[in-house]
K.L.:
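Got a structure for you, written out below as C-alpha cells; questions coming shortly.
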Amino acid sequence: MDVHGRDLRYFAAVAEELNFTRAAERLFVSQPALSKQVRMLEKQVGVRLFDRDRRAVRLTAAGEALLPHALGILAAWEAAEAAVEEARAAELHTLVIGMSTSPGRGLLPALRARLISGYPHARPVLRQVNWADPSAGLADRSSDVAFVWLPLPDGDRYRYAVVAQEPRLVALPQGHPLAARAAADEEGAVDFAELLDEPMLALPSEAGPLRDYWLALDARDGIAPRIGGVVGSAEETYEAVANGQGVALLATGNAPLVVRDEVIAVPVRGISPSLLAVAARRDDARPLVLAYLAAAAKVGASAS
C-alpha cells in the first residue's frame, strides 16, 4: 500500500473539521475533489474511514485508529522538510576555504570582514589540506575557494586574485656556511647560484609544477636539483632543515612558520618572487565564491 502524504493531509483535515465543506476551504480545494481523494484513500486501506449522512460526518473505528498515525506522519514530514530547508540554507551560506598552511598576513580577517559586509549570513569554514594537493581542495571540490601558491596545476580550470607578492627566502640550519656568507653580504642575501649544489627539500611529487617552482627549476639552467628530502608541512620543513637534510625555499610571509631555534632564513637573489593567491574553479559562479574572489582582488590591490 502506497499512500500519498496529500491523502493523509486531506483525511486529517476532514477528521479534524468533521465537515467536508470546511475541510475543503481549509485545504483550498474543491469539495468534490476532496471527497474523491478520501474515497480513494478508503479504497486503498480497504475500509471506510468516515460515516456520513445529510446531517453529520463521523470517524469510524478504523478512522479513529488511523488519525493519530496520520497526524504523526504529517508532523514527521513537516520536521523533515524543515530539516532539509535548514540544511539547504546552511549549504548556501557556507563557504569552505582551503589552505595548506595559515595564510597569515592579516588576510583571513580582512577577507572575512569584506565578505560579511556583503553577505551577513555567510559562514566561512577553514579547511587544512596537505601540501601534496597544490589546489588546496579545489581540484576534488572539497574546498570552494582556496589560498594557493602560483603556479597552479591545470591553471585554466581556475580563476584567482593575487593577495601577496613576496621575495623568496632560503631556510638554512644555524651554522650553515651560507648563513655566514649572507651575514657578510651588504644586502644580507645569497645568490641562487650558491644554492645549486645544496640538497633541497621538495614538495611531494603530486604538487606538480608547484614542486618545480619551489625548487626554482626555471633558474637552474638545466642543472638538476639534489633532493635532500620530501616535506608535506611547515613542521616537517623545520625538522628537515634543522636536521641538516637540506635547505628549503619559502615565501617571506611563511618564514615565521619555519624560522626558530636552529633554523634561519635569508633572502635569495636571482629568482622570481612568490605569488600567493585566492583561487576558485572557473565553473563555480555561486555568489559567495565570486564575492570572496572580489574581496581578495581588493585586498591584493591595496597591498601592492
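From a predicted model like this one, the values you see are computed outputs, not experimental measurements.
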K.L.:
Would you say Glu198 and Pro225 make side-chain contact, with heavy atoms under 4.5 Å?
P.N.:
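Not in contact.
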K.L.:
With a cut-off of 6.0 Å (strictly less than), are more than 12 heavy atoms of other residues, nucleotides or ligands near CG of Asp221?
P.N.:
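It does not: Asp221 CG has 12 such atoms or fewer within range.
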K.L.:
Is the side chain of His4 donor-acceptor paired with the backbone N or O of Arg6 at a distance under 3.5 Å, no angle test?
P.N.:
no
K.L.:
I want to check something: taking the side chain as every heavy atom from C-beta on, are Leu150 and Val162 in contact at a cut-off of under 4.5 Å?
P.N.:
yes
K.L.:
Hey, does the side chain of Asp140 reach the backbone of Ser142 with a donor-acceptor pair shorter than 3.5 angstrom?
P.N.:
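Yes; judged by distance alone, with no hydrogens or angles, the pair exists.
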K.L.:
Under a 3.5 Å distance rule, please check whether Ser117 uses its side chain to pair with a backbone N or O of Arg114 as donor and acceptor.
P.N.:
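Yes, Ser117 side chain to Arg114 backbone: donor-acceptor pair under 3.5 Å.
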K.L.:
Run the numbers on Val170 and Val266 for side chain to side chain contact (heavy atoms under 4.5 Å, CB included), then give the verdict.
P.N.:
CA-CA 6 Å; Val170 61; Val266 299; 3.6 Å; yes
K.L.:
Nearest 0.5 Å please: distance from the CG atom of Leu293 over to the CG atom of Leu115.
P.N.:
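Result: 11.0 Å between the selected atoms.
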K.L.:
Can you give me the closest heavy-atom contact between Gly137 and Asp133, atom names plus distance?
P.N.:
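That closest heavy-atom pairing would be N-OD2, 2.8 Å.
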K.L.:
Is it possible for you to say whether Val96 and Ile116 belong to one hydrophobic cluster, with membership spreading through side-chain heavy-atom contacts below 4.5 Å?
P.N.:
no
K.L.:
Rounded at 0.5 Å granularity, tell me how far CD in Glu25 sits from CD in Glu17.
P.N.:
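So the CD of Glu25 and the CD of Glu17 are separated by 9.0 Å.
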K.L.:
Heavy atoms only: give me the nearest Asp7-Gln44 pair and the separation to one decimal.
P.N.:
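Residues Asp7 and Gln44, closest heavy atoms: OD2-OE1, 3.9 Å.
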K.L.:
For Tyr158, does its backbone N or O pair with a side-chain atom of Arg282 as donor and acceptor, under 3.5 Å?
P.N.:
yes
K.L.:
So, the side chain of Gln165 versus the backbone of Leu276: is there a donor-acceptor pair under 3.5 Å, distance only?
P.N.:
no
K.L.:
Would you name the heavy atoms of Pro124 and Ile97 that are closest together and state the gap between them?
P.N.:
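Residues Pro124 and Ile97, closest heavy atoms: CB-CD1, 3.8 Å.
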K.L.:
If we check side chain to side chain contact (heavy atoms under 4.5 Å, CB included) with Val241, which of these qualifies: Val263, Val247, Ile264?
P.N.:
Val263
K.L.:
More than 12 non-hydrogen atoms from neighbouring residues, nucleotides or ligands closer than 6.0 Å to CG on Asp197, yes or no?
P.N.:
no
K.L.:
To the nearest 0.5 Å, what is the distance between CZ (Arg226) and CE (Met200)?
P.N.:
11.0 Å
K.L.:
With salt bridge (charged side-chain N to carboxylate O under 4.0 Å, His left out) as the test, would you mind laying out the steps for Arg260 and Glu235 before giving the verdict?
P.N.:
CA-CA 11 Å; Arg260 60 183 185 272; Glu235 190 59 33; 2.8 Å; yes
K.L.:
Between the side chain of Thr252 and the main-chain N/O of Glu166, is any donor-acceptor distance below 3.5 Å?
P.N.:
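No.
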K.L.:
Measuring from atom CG of Leu49 to atom CG of Leu59, what distance do you get when rounded to the nearest 0.5 angstrom?
P.N.:
8.0 Å
K.L.:
For Glu16 and Leu71, which heavy atoms make the closest approach, and how far apart are they?
P.N.:
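Closest approach of Glu16 to Leu71: OE2-CD2, 3.5 Å.
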K.L.:
Quick one: does Asp191's side chain have a donor or acceptor within less than 3.5 Å of a partner on Arg269's backbone?
P.N.:
no
K.L.:
Could you tell me if the side chain of Val125 sits less than 4.5 Å from the side chain of Asp144, heavy atoms only?
P.N.:
no
K.L.:
Nearest heavy-atom pair of Ala240 and Leu201: which atoms, and what distance?
P.N.:
CB-CD1, 3.5 Å
K.L.:
Angle between ring planes, Phe11 versus Phe50, binned at 30° and 60°: parallel, tilted or perpendicular?
P.N.:
tilted
K.L.:
Show the numbers, then the answer: is there a side chain to side chain contact (heavy atoms under 4.5 Å, CB included) between Thr101 and Trp131?
P.N.:
CA-CA 8 Å; Thr101 56; Trp131 284 6; 3.4 Å; yes
K.L.:
Keeping the roles fixed (side chain from Arg286, backbone from Leu95), state whether a donor-acceptor pair exists under 3.5 Å.
P.N.:
no
K.L.:
For the pair Ser274 (side chain) and Ala251 (backbone), establish whether a donor and an acceptor sit closer than 3.5 Å, ignoring hydrogens and angles.
P.N.:
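Pair absent, no side-chain N/O of Ser274 close to backbone of Ala251.
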K.L.:
Linking I/L/V/M/F/W/Y whenever their side-chain heavy atoms sit closer than 4.5 Å, directly or via other members, would Leu215 and Leu169 fall into one cluster?
P.N.:
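Linked, Leu215 and Leu169 end up in one cluster.
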K.L.:
Say you draw a straight line from OG of Ser205 to CD1 of Ile227; how long is it, rounded to the nearest 0.5 Å?
P.N.:
11.0 Å
K.L.:
Salt bridge check: are Arg159 and Asp284 linked by an N-O gap of less than 4.0 Å?
P.N.:
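Asp284 and Arg159: not salt-bridged.
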K.L.:
Is Leu27 reachable from Val57 through a run of hydrophobic residues whose side-chain heavy atoms are each under 4.5 Å from the next?
P.N.:
yes
K.L.:
Closer than 3.5 angstrom, by distance alone: can the side chain of Arg281 be matched with the main-chain N or O of Arg157 as a donor-acceptor pair?
P.N.:
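Pair absent, no side-chain N/O of Arg281 close to backbone of Arg157.
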K.L.:
First locate atom CG of Leu66, then atom CG of Leu41, and finally report the distance between them rounded to the nearest 0.5 Å.
P.N.:
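Rounded to the nearest 0.5 Å, the CG-CG separation comes out at 6.5 Å.
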K.L.:
Count the heavy atoms of every other residue, nucleotide or ligand shown that sit under 6.0 Å from CG of Asp261, and state whether that count exceeds 12.
P.N.:
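Enclosed: over 12 neighbouring heavy atoms sit under 6.0 Å from CG of Asp261.
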K.L.:
Can Val148 be reached from Leu249 by stepping across I, L, V, M, F, W or Y side chains whose heavy atoms are under 4.5 Å apart?
P.N.:
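The answer is no; the residues belong to distinct hydrophobic clusters.
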K.L.:
Same cluster or not: Val278 versus Tyr119, using hydrophobic residues (I, L, V, M, F, W, Y) connected whenever any side-chain heavy atoms lie under 4.5 Å apart?
P.N.:
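Yes: a chain of side-chain contacts under 4.5 Å links Val278 to Tyr119.
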K.L.:
Can you list the steps and then say if Leu108 with Phe147 is a side chain to side chain contact (heavy atoms under 4.5 Å, CB included)?
P.N.:
CA-CA 10 Å; Leu108 285 174; Phe147 286 89; 3.6 Å; yes
K.L.:
Please assess Leu288 against Tyr292 for the test side chain to side chain contact (heavy atoms under 4.5 Å, CB included), listing each intermediate value before the final yes or no.
P.N.:
CA-CA 6 Å; Leu288 279 185; Tyr292 203 79; over 6 Å; no
K.L.:
Can you confirm whether more than 12 heavy atoms, excluding those of Tyr160, are under 6.0 Å from its OH atom?
P.N.:
no
K.L.:
Ala234 and Val258: which non-hydrogen atoms are nearest, and at how many Å?
P.N.:
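Of all heavy-atom pairs spanning Ala234 and Val258, the closest is O-CG2, 4.1 Å.
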K.L.:
Please list, chain by chain and in numerical order, all residues satisfying salt bridge (Lys or Arg N to Asp or Glu O under 4.0 Å) with Arg127, sequence neighbours excluded.
P.N.:
none
